Amino acid sequence: MTDPAWTMTATLAIPLAWVAIGSLGLLRARSVLIAGRVLFPLGAAAALLLAFLSLASIGAPVQTAVLPLGLPDLPFHVRLDALARLFLFLIGAASAGITIFAAGYFRSGEGTPPGLLCLQYHVFLASMAMVVMADDAYLFMVAWETMALSSFFLVTTQHRIAEIRAAGFLYLLLAHIGAIGILLCFGLLQGGSWQFTFDAMRAARLTPAWSSAAFFLAVFGFGAKAGIVPMHVWLPEAHPAAPSPVSALMSGVMLKTAVYGLLRVGFDLLQVRCWWWGLAVLGLGLFSALYGVIFAAAQTDMKRLLAYSSIENIGIIFIGLGLALLFQGFGMALPAALALAATLYHCINHAFFKSLLFLATGSVLHATRQRSLGKLGGLIHRMPTVAWLALVGTLAIAGLPPLNGFVSEWLLLQGFLFSFDLPHSFVNMLVPIGAAGLALAVALAAYVMVKFYGIIFLGRMREPRLAAAKDCGRLESLGLMWLAAVCVLLGIFPVTVLALLDNVNQLLLGSGLAPQIDHWWLLAPVARARASYSPLVFLLGIAGVTWLTVLVVHNFYHGRVRLTDPWDCGFPLQNARMQDTAEGFGQPIRQIFEPFFQMRRELPTPFDGAPRYRVEIGDRFWIWLYQPAARLVQATARVVGLLQQGRIAVYLLYSFLTLVALLLLTL
Amino acid sequence: MNHVVNAGAWLAQLVAVTTAIAAAPLLMGWVNQCRAWLQNRSGAGLLQPYRMLRKLLYKDAAIASAASPLFRVTPYILFGAMVCAAAVIPSLGTTLPFTAAADTIALVGLFALARVFIALAAMDIGTAFGSLGARREMLVGFLAEPALLMVFFTVSLIAHSTALPTMAQALAHRGAAIYPSLAFAAVAFLMVLLAENARIPIDNPATHLELTMIHEAMVLEYSARHLALIEWSAALKLFNYCCIGLALFLPWGLGAGDWRSLVPALGFLTAKLAVAGAALALIETFSAKMRIFRAPEFLATAFLLAVLGLLVHLLLGS
Amino acid sequence: MANLPLSSQIINLCAAVLLLVSFAMLSQRRVLSLVQLFALQGAVLCLSTITVAWTAGRSELYVSAAVTLALKVLLLPYILHRLIRALNARWETELLLNVPATMLVGLLLVIFSFGLAQPISQLAATVTRSTLGIAIAVVMLSFLMMITRRKAVTQVIGFLAMENGLFFAATSATYGMPMVVELGVALDVLVAMLILGVFFFQIREQFDSLDLRNLEALKEE
């Protein structure tokens, strides 16, 4: 582990191994057994190895290498530093759980054969790892595009269904619009040197105006991939379309590569930074967080709900990023480190709890063939393993102590407390309101997750055929357990995690939190008198008191229990369909935040023989932004279409005129 | 951290927690009794909550057959969370060892944990009432939480800390200074307290009318010892909120946390809680229950007040 | 900041209460309560003026405090009460914007005015300089109230509240306007009130209501 060259080779070997494992799948493309029992577990082992390697070497010095690949004169550069290693750890550890789950998940049936799926899946993993390791724009873009394409194929696994194809194309479209932004950003970053290695970009000296242009191109490009509002529209379409392990991988891991890209550009490649970028990113993040969570509350499809929740979480990550930029712009080192650590922490957290929840919906989908919340319910009785593990994810994503979601939110709020000291009279009043917005988003997330969990797993079964649902298999539960365990560990040992994250702080900001972290069990990032939080004591306290109460109550009083029917208000004809539906649970949110939604309602009249109630929630951005854009593109296409005459002579004339024009230019 | 190993401090901590557990139903009884007096009733007496708890504990538990283990474990978790909150809040002394485990933000998280668990348990049986209560509880919760956080932010601006003991100490030693921001925060906190503890403008603890209830709708399926624990937790929650309010806005008389300061601190706490309980009863008597969709307006006002407090502090520097 | 003198603390408290009253007016639907809040605003203004007068030793401020008391706490609320009873216009039925949204806009206005006042108040040398931001905020909030209301009576109350804010701004920035100006303004307000009172009756006679939407019909076709 101490030999740097060795870790570099080993880390590079893993994406190669993934590609090899994937290619093996092609040999027996139709065999579920080989892909599921051999190849996917191998892929998971490689992922685990990657996570372990990156974690062990996170504090190691920066390593670079030039690969004998690529075009002549344009070799691939790779680089491992603390930021890359952290994201490699995230990719490895989260995908290990997802891959082992996927081993048990994919069945033969319609759509892509398992062997081909195995190749697409592992190429996707490898391309994400290469995005993080890339040290020049060329390799970065190659890996980035490979990632987009392989994930597009994964999303359209069920490519015989038209809706799924449409969702896939929407995703591909936005991915490419984003890629244009990133490409232009790199074009600006090279600063006239025409060298596209990241080292050259670090050396380039840009004016603040050009820096700002490059930064906002990066925000646009990476934001499209991350799903920042208003580039979020592909998320709620692609996630329900994709198989659950793919949704988990995309939401939990792929979105983080976009965050990685923004961190790399914003904090590493750009040398000139302005404080107001932070304000813009903060505002963008805040809006995304609130928008995502409000829409999540109104959803009735469980995977759409999680997709909107991803938008919210990416929003929270952007809030942290904006805060870090803001503090750094005003030269406040400690708060900047705090905010950046919170951002990174939330990236890792979201990778685990969101993957866990997406996989749980996958198990539910397999067991019931039902994605609509209105037709689920009571699954805790039939699928206890999935239900209890999903509970961990639910509590974590709702930001509740002592699990991991709370730690990052706590750190972020601690960061916000420093915003009063910002030396700018408007900013120091506006930013604290951001903390209130964050608190609102987090509290709403709890609402959403209660709805998600309560309607799927609790209550009575809304459809009789749910009684036949079976719990998930052994490999699937292993994957879920791994993710849930990491969620708990990340929640209980925040000081250890922060010590690791501090390596990234040192790299990106030049200063960290290290002197402030002393006790391993007590999180006090600034000073103990200022704020402290100890999840371990918390957990032990609650568990201890709970256990003691059980003991006391059962020892001093009898523990007799009588099973009865629930109270029926004197109306014995109640059935499971009369429970609150997802629409019902979201109703207060729809009422309070009505201006956000584009709602179409069908209300029954008192005289309807077969009364129907339907409500459709639409996204206003389709109307405001996407439909006009689509019309514009179509109109332009029609104009361009006039060039198409269909006669060969006309086309030859075009070529000739172009040639003449080019020759004239050389004069 | 010398007071971790100090056995006396731990003993004081034990006394504080035991006091909270034992006295919480008494506070509930006192509020109910004051309300009865204000409404020209004779009331059931101060000890009625204890009699209630005893009765419930001795009964056989009737549980719906559709209940999952989550339903049965929730009352214990709820109680555990509230006892932990009581241990964190400096009700008697400011240097109790457990108080370092959570600051005010973590405390908000702890209350949210309890809320999520009870809402999930309410949805577990699958009756219309349960999920109605759960939905309303989460509605009140997501509106109250930001307001509460802003209150804590405002106070932490004065104390430069989010740790409750440090805040209480800083505010206790502020001399005769008038903080307008603190007054804003106090009113906002009171509004959050009323909403979070299912008190009158938002919820009515005394009725079982289906259209008006929130808390009662959620716990409708609980009986016997489970209900006893839930009621006890509700009493503890009220006690905790009152103690937070007292620690922030009337922090005088808090002991340091050693043996000698414990007795006078206990006296101060009793007196302050008696006044707070009576005031609570007075507010409840004077106000009317509002429609559930007025609750956002009520809590938005609380939020606004807290934020105004914050801004006023920034402007006036006081 | 426990080292501030007591008088400054009282003025700060008054300023905070003024801000609070402005928000209360913004959210109040009942016209009679609005009048009471206006009277309260006047009383707080009077108290703060007296404190300023006492601290700065400006005897002419006592006079303006007395004028405030007489006019804004007693006379104008009395006239308004009479008017409302006579016109039977107790309820503001409809707001143009719902209450939480109005409050949110108000909050942004407060941030705006506080940010605006910070550089100015650093230039001023009065004991009350930090309250300038609140004074501006009160003016802005009264403006907002006039914008979001439909009834003529509430518009007038908003107008009067705005005058209160201006008066407070004057005392906090420069220890008040010259006495002549102040008395002139007081007289203006009184006369405006009387004229508007007559106006109300005219409007109601014309349209059978005090809703200002009816005035929209007066535009040129």
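Note that the structure is a prediction, hence the values are computed from the model and not measured. Chain identifiers are assigned alphabetically (A, B, ...) following the order of the sequence lines, protein sequences preceding nucleic acid strands; residue numbering begins at 1 within each chain.
- Residue contact with chain A, scored on non-hydrogen atoms closer than 4.5 Å, involves the backbone and the side chain of I77(B) alike.
- Of the atoms belonging to F117(B), it is side-chain heavy atoms, and not backbone ones, that fall under 4.5 Å from chain A.
- Side-chain contact annotation: Q414(A) with T162(B), donor-acceptor N/O pair under 3.5 Å present.
- Most heavy-atom pairs under 4.5 Å with chain A, from the set L70(B), L110(B), D103(B): that is D103(B).
- With a threshold of 4.5 angstrom between heavy atoms, L310(B) approaches chain A through side-chain atoms but not through N, CA, C or O.
- Looking at L157(B), the atoms closer than 4.5 Å to chain A (heavy atoms on both sides) all sit in the side chain, from C-beta outward.
- When each of M150(B), H226(B), M167(B) is checked for heavy-atom pairs under 4.5 Å with chain A, M150(B) comes out on top.
- By number of non-hydrogen pairs under 4.5 angstrom with chain A, the leading residue of A85(B), S223(B), S156(B), S161(B) is S161(B).
- Chosen from A81(B), C84(B), A147(B), A159(B), the residue pairing most often with chain A at heavy-atom distances under 4.5 Å is C84(B).
- Contacts with chain A were tallied for A228(B), A62(B), A128(B); A62(B) has the most, counting heavy-atom pairs under 4.5 Å.
- Contact annotation for R72(B): only side-chain heavy atoms (C-beta onward) come within less than 4.5 Å of a heavy atom of chain A.
- Put simply, the side chain of F416(A) reaches to within 4.5 Å of the side chain of I319(A), judged on heavy atoms.
- Contact annotation for T166(B): only side-chain heavy atoms (C-beta onward) come within less than 4.5 Å of a heavy atom of chain A.
- The side-chain heavy atoms of F420(A) and P432(A), taken from C-beta on, include a pair separated by under 4.5 Å.
- When M138(B), E137(B), M82(B), R135(B) are compared by the number of non-hydrogen pairs under 4.5 Å with chain A, R135(B) comes out ahead.
- Residue contact with chain A, scored on non-hydrogen atoms closer than 4.5 Å, involves the side chain of L149(B) exclusively.
- Heavy-atom distances place no part of A144(B) under 4.5 Å from chain A, backbone and side chain included.
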